[in-house]
Protein chains: 2
Amino acid sequence: MRAALSEPADRSSRRRSEVPEATVARLPVYLRALHALADRGLTTVSSEALAASTGVGSAKLRKDLSHLGSYGTRGVGYDVAELVSHISAALGLGRRRAVVLVGVGNLGHALAGYGGFDERGFCVVGLFDVDPARVGEQVAGLVVRHLDALPEAVRSTGASIGVIATPAAAAQPVCDRLVAAGITSVLNFAPALLQVPPGVDVRKVDLSNELQILSFHEHRKAVALVEQDDRHTPRGVSA
Amino acid sequence: MRAALSEPADRSSRRRSEVPEATVARLPVYLRALHALADRGLTTVSSEALAASTGVGSAKLRKDLSHLGSYGTRGVGYDVAELVSHISAALGLGRRRAVVLVGVGNLGHALAGYGGFDERGFCVVGLFDVDPARVGEQVAGLVVRHLDALPEAVRSTGASIGVIATPAAAAQPVCDRLVAAGITSVLNFAPALLQVPPGVDVRKVDLSNELQILSFHEHRKAVALVEQDDRHTPRGVSA
DNA sequence: TTTTGTGAAATGATTCACAGCC
DNA sequence: GGCTGTGAATCATTTCACAAAA
């Protein structure tokens, strides 16, 4: 047998108070629902009610929140404002985060102009492209700069998040330049696999993948219909 | 104790040859990589190589493919063209699927003009909005119509997929009208939970959620740095 | 009584590791 | 010899169900 693990029985001690990734992905959903409740003037909410307005089960919601701490009151529920602040803290939303965006094509334009970002504490502070035809153009109140200006911009704005909205072929080189400039989180809209060094996080949004997944389910539903039909008119019967 | 389940021991017999949802979500990724390999002239590929170009492990890839059937050759690998056609078949990509898009704002514009859709077998056949200022406008070769024209358009084009790119408040009513018109799959870009009848599938893409998830990881990295620092200058030492 | 917080059970996904086939 | 296909083991997530708190 091969050599045992280098750290023998020390398995659980390394664990930090980690929040499971599946939970992290739902926190923004809870946060949004809580903001909506606050806007409607509610000050407390039960796990049942909050779950209903976010489409998850109440047990799952409670377990998710339990990873952040014990902020509910038994018999009562959660204080909306308090929960908002705890979730915001967990998500690191205490500070406004600067975002740079590379690739000001069709999609880049839309993302630059998307109001939802600023509203949630993200501020697009730089737009970049390599196409000379687009450099200099004014989009959403910013002037598109050449990608060469990226390092200086990241340094002066303290941006830590980069959005890639380039064609697939440009995504990896652009990503490399983002990372070299000091970006440590990347949101990638290009249909390409990005290679990044450890310590850099990448999330990918692929629009045609989403449609293909829906297509799978459409197909499955269609097949199910045919099979159900076959049960009525079993074999060799055609219209 | 309460009454037992109505169907006593008949638990596993109901299972169809289902493909796990996690696998379905990766099939489009494999498909894209296979197309890239085919373009480079390769005719066969091993699970190891295909896995490398998609960022998943080779064992996972093989298990994923095994849910579709046994299409590889031991000692050799997979035939690229054959695998493309099997995955395409599983995803129901044999036919071109018509897509209608509601909400021709910032994001809707970009989605309408996004080339990646047509390229992957999806065809945007109708753009709709309720804003009179936008109705009549020409976008990506289509004239924006009023939402009232939706049912007729869905009927005449056979569209089964609807994309919602409206503000959050409009999403549910728009979704209801899509479903009423015969749409059975919805891709929702609005930050709202959609309620749909059984048989209708929804997928949600939420851009600010993605940024918030990245923010969580940024925050975590920042905290980790501080803690590491604390280990060097333990207590009560400040600059 | 209501509702949280959480062990324990169940389910689902990933990884391991190797028998079987080319 | 190389590589697939797959049981078995591991790990992650969800669900259950209830004791404890307000």
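The sequence lines fix the lettering, A, B, ..., with proteins before strands; numbering per chain opens at 1. Computation of the quantities below employed the complete heavy-atom set of this structure, encompassing side-chain atoms and omitting hydrogens, waters and symmetry-equivalent molecules.
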(request) Nearest whole angstrom, please: distance from the C1' of D/dT4 to the CG of B/Asp64. (result) 14 Å
(request) Send over the distance from A/Leu65 CG to C/dT6 C1', rounded to a whole Å. (result) 13 Å
(message) Could you check whether atom CZ of A/Arg95 has more than 12 heavy atoms from other residues, nucleotides or ligands sitting under 6.0 Å from it?
(response) no
(request) Answer yes or no: is there a donor N or O on one side and an acceptor on the other, between the side chain of A/Ser215 and the main chain of A/Leu211, under 3.5 Å? (result) no
(message) Distance check needed: D/dT4 C1' versus B/Lys60 NZ, whole Å only.
(response) 18 Å
(request) Could you check A/Glu119 against A/His35 for side chain to side chain donor-acceptor pair (under 3.5 Å), going step by step and ending with a plain yes or no? (result) CA-CA 12 Å; A/Glu119 191 181 299; A/His35 276 128; over 6 Å; no
(message) Whole angstroms only, please: what is the OH-P distance between B/Tyr71 and C/dC22?
(response) 17 Å
(message) Given C/dT15, D/dG5, D/dT15, identify the nucleotide with an atom nearest to the side chain of B/Ser70.
(response) D/dG5
(message) Categorize B/Gly72 for me: base, sugar-phosphate, or nothing, with a 4.0 angstrom heavy-atom threshold over every strand shown.
(response) sugar-phosphate
(request) Compare side-chain N and O positions of A/Arg26 against OP1 and OP2 of D/dT14 and report whether any pair is under 4.0 Å apart. (result) yes
(request) Round to the nearest Å and state the distance from A/Glu48 atom CD to C/dT4 atom P. (result) 8 Å
(message) Which nucleotide wins on minimum distance to the side chain of A/Glu21, given the candidates D/dT13, D/dC3, D/dT15?
(response) D/dT13
(request) Ignoring the backbone of A/Ala22, work out which of D/dG5, D/dT14, D/dC3 is nearest its side chain. (result) D/dT14
(message) With a 4.0 Å limit, can you tell me whether A/Tyr78 has a side-chain N or O closer than that to the phosphate oxygens OP1/OP2 of C/dT2?
(response) no
(message) What is the distance, to the nearest angstrom, from the NE2 atom on A/His86 to the P atom on C/dT4?
(response) 15 Å
(request) List the atom of B/Leu193, the atom of A/Ala52, and the distance in Å for their closest heavy-atom pair. (result) CD2-O, 3.9 Å
(message) Looking at A/Arg74 and C/dT3, is any side-chain donor or acceptor paired with a base atom of the opposite kind under 3.5 Å?
(response) no
(message) Show the nearest heavy-atom pair for residues A/Asp176 and A/Gln195, with the distance to one decimal.
(response) OD1-O, 4.2 Å
(message) Is the phosphate of D/dA22 approached by A/Thr73 (side-chain N or O, under 4.0 Å from OP1 or OP2)?
(response) no
(message) Let me spell it out: for each of B/Ser46 and A/Thr23, pick the nucleotide of DNA chain D with the closest heavy atom. Which residue's pick is nearer the 5' end?
(response) B/Ser46
(message) What is the distance, to the nearest angstrom, from the CG atom on B/Leu50 to the P atom on D/dG2?
(response) 20 Å
(request) Specify the separation, in whole Å, of atom CG of A/Leu61 and atom C1' of D/dT13. (result) 15 Å
(message) Let me spell it out: for each of A/Lys63 and A/Gly69, pick the nucleotide of DNA chain C with the closest heavy atom. Which residue's pick is nearer the 5' end?
(response) A/Gly69
(request) From the options D/dG5, C/dC16, C/dT3, select the nucleotide whose nearest atom is closest to the side chain of B/Arg62. (result) D/dG5
